[in-house]
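Presented below is the structure to which this report refers.
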2 protein chains.
Amino acid sequence: MPPKAAKKPETAQKRDRTRAQVLEAALGLFRKRGFDDTSMRDIAVEAGLSLGAAYYYFPSKQSLVLAYYHEVQRAYEAEPAFDATASLEERLRAVLNRRLDLLRRDRPFLGALVRDVGSPDNPVMVFAPETADLRQRSIASFAACVAPEMAALPDAAARLLPTALWALHLVTLLYYIHDRSRGQARTRQLVDDAVALVVPAIMLANTPLAGPLFASVEQTLVRAGLM
Amino acid sequence: MPPKAAKKPETAQKRDRTRAQVLEAALGLFRKRGFDDTSMRDIAVEAGLSLGAAYYYFPSKQSLVLAYYHEVQRAYEAEPAFDATASLEERLRAVLNRRLDLLRRDRPFLGALVRDVGSPDNPVMVFAPETADLRQRSIASFAACVAPEMAALPDAAARLLPTALWALHLVTLLYYIHDRSRGQARTRQLVDDAVALVVPAIMLANTPLAGPLFASVEQTLVRAGLM
DNA sequence: GTCTATAACATGATAGAC
DNA sequence: GTCTATCATGTTATAGAC
């Protein structure tokens with residue numbers, strides 16, 4: 001029998017409920033006052049618990065961030081982001097914009113969440129082993145978006161494409177976080193422009209000249225351990 | 001007369017000396033024990049000052065990071081990184097490797113320094129207005145490296161090139177920080193590979209087909225306020 | 001064994017005296 | 001300019017309730 005199996009379902013349910021309460025309290029306060037201006041004590045009070053109890057469920061403030069990431073990815077996967085019969089351009093725009101939509105409410109505190117991108121020791125950073133699962137699921141969702149085109153592409157290009165699109169997604173997110181334009185219109189424009197540039201590039205990957213180029217790029221990334 | 005002019009040169013000198021002492025103490029401790037394991041109290045003691053006095057010179061721990069950035073850029077500009085008669089490939093490799101060399105001693109704590117990349121409010125982040133001067137100087141140093149080629153390129157491509165190379169530099173730095181291979185050999189390999197990919201791309205920018213492409217890219221970046 | 005509460009610690013940062 | 005005192009907060013230790 002699995003070691004982590006719940007012996008007492010009711011207990012597990014209570015546990016999950018309390019945990020969800022803490023996360024909910026945290027996100028509510030983050031939205032109202034920002035990440036840095038919300039202390040673990042505030043979160044505990046809001047959740048009706050003591051500080052120690054809050055730490056029992058979330059061993060660090062950053063772990064609340066990780067839980068939030070999971071929540072966002074789950075929400076994304078909950079319903080399809082694009083119409084499979086639409087054009088490549090439309091599908092890409094739909095996916096990238098959907099991700100922005102999902103984060104819209106939380107944009108003011110996203111900056112605090114994604115910090116520590118550069119710290120190799122931080123378990124919550126975008127490239128950490130601890131977030132590999134989320135990363136893979138995110139890349140897979142881009143693969144699903146361009147599945148028809150991937151089938152037609154040369155192998156190396158096809159293997160590169162989903163990760164490349166995920167990287168584009170990260171860039172748009174970073175821009176989104178810093179975007180102070182009304183309704184973040186500039187980010188939406190950037191998405192449109194970037195997609196308009198990327199689509200022809202994907203098509204060009206089918207030309208014979210592009211073959212060796214993509215193979216070289218892939219070799220570089222593989223050598224670097226990035227793929 | 002300028003408002004910030006030194007009325008009493010001796011005082012200004014002492015001030016600068018004390019400031020330098022604090023920075024020196026901080027960097028020494030960062031190198032020995034890492035950024036997070038060095039407290040402002042440790043730094044103050046090492047510099048022979050009280051905590052409050054240390055904060056008088058550096059209003060935050062992050063401001064020590066900014067001072068460090070300035071120091072590195074100054075060191076880079078102190079002597080030419082490449083031989084102007086060398087090939088484009090050699091020059092690019094020389095510049096990128098030189099920047100890694102300058103940071104080699106401090107690599108273990110670089111991760112802590114570059115964190116907060118995503119926080120719009122952090123004044124020390126790579127894209128903040130407060131670091132615009134450093135960013136411009138860094139981009140300019142790449143422009144100097146490819147000056148001969150820029151003259152031969154179409155306008156849009158020429159304007160894009162230095163910033164693009166600076167972006168490549170940032171990527172190699174991020175990789176360097178996480179690189180645990182012996183002597184960070186993998187980063188050096190990545191630099192070689194990336195330069196080998198980039199140089200032909202720069203040459204291709206001269207073909208008539210590439211003209212509109214670069215113009216589109218530039219328009220996108222300008223629209224986004226990135227150039 | 002599962003959960004919760006209280007106390008204490010370390011540290012970044014600030015206020016005010018001199 | 002420099003110091004001492006103090007605060008706020010992330011985190012840990014520990015004791016005990018159920």
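A quick note: this is a predicted structure, and the numbers were derived from the prediction, not measured. In what follows, every chain begins at residue 1, and chains take the letters A, B, ... in the order their sequences are listed.
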- Query: Which nucleotide of DNA chain D is the first, and which the last, in the 5' to 3' direction, to come under 4.0 Å of a heavy atom belonging to chain A?
  - Reply: D/dT9 to D/dT12
- Task: Not counting sequence neighbours, list each pair that qualifies as a salt bridge (charged side-chain N to carboxylate O under 4.0 Å, His left out) and has a residue in residues 54-74 of chain B.
- Result: B/Glu71-B/Arg74
- Task: Name the nucleic acid region contacted by A/Phe58, choosing base, sugar-phosphate or nothing; use a 4.0 angstrom heavy-atom cut-off, strictly under.
- Result: nothing
- Quick one: which residue pairs count as a salt bridge (charged side-chain N to carboxylate O under 4.0 Å, His left out) with a foot in residues 33-43 of chain A, not counting sequence neighbours? A/Arg33-A/Asp42, A/Asp36-A/Arg115
- Message: Protein within reach of the bases, or only the backbone? For nucleotides 7-14 of chain C, mark each nucleotide 5' to 3' as B, S or -, using heavy atoms under 4.0 Å.
- Response: -B--BBBB
- Message: So, using salt bridge (Lys or Arg N to Asp or Glu O under 4.0 Å) as the criterion, who are the partners of A/Glu90 when residues are at least two apart?
- Response: none
- Task: Using the salt bridge (charged side-chain N to carboxylate O under 4.0 Å, His left out) rule, collect all pairs that involve residues 16-31 of chain B, keeping only residues at least two apart or in two chains.
- Result: B/Arg31-B/Asp106
- Query: Can you name the residues that form a side chain to side chain donor-acceptor pair (under 3.5 Å) with B/Ser141, not counting sequence neighbours?
  - Reply: B/Arg99
- Message: Holding to salt bridge (Lys or Arg N to Asp or Glu O under 4.0 Å), I want the full list of residues that pass it with B/Glu218, two or more places apart in sequence or in another chain.
- Response: B/Arg159
- With sequence neighbours excluded, residues passing side chain to side chain donor-acceptor pair (under 3.5 Å) with A/Gln189: A/Asp193
- Query: Taking only residues at least two apart or on different chains, which pairs with a member in residues 169-190 of chain A satisfy salt bridge (charged side-chain N to carboxylate O under 4.0 Å, His left out)?
  - Reply: A/Asp101-A/Arg188, A/Arg180-B/Asp121
- Task: Decide yes or no for B/Val72 and B/Tyr68: does some side-chain heavy atom of the first lie under 4.5 Å from some side-chain heavy atom of the second?
- Result: yes
- Query: In degrees, rounded to 10°, what is the bend between the two ends of the helix from C/dG1-D/dC18 to C/dC18-D/dG1, using five pairs at each?
  - Reply: 10°
- Message: With the threshold set at under 4.0 Å for non-hydrogen atoms, list the residues of residues 16-29 of chain B touching DNA chain D in residue-number order.
- Response: none
- Output yes when a side-chain donor or acceptor of B/Glu79 lies under 3.5 Å from a complementary backbone atom of B/Tyr76, and no otherwise. no
- Over 60° means perpendicular and under 30° means parallel, so classify the ring planes of A/Phe142 and A/His169, tilted if in between. tilted
- Query: Would you say A/Leu51 and A/Ile43 make side-chain contact, with heavy atoms under 4.5 Å?
  - Reply: no
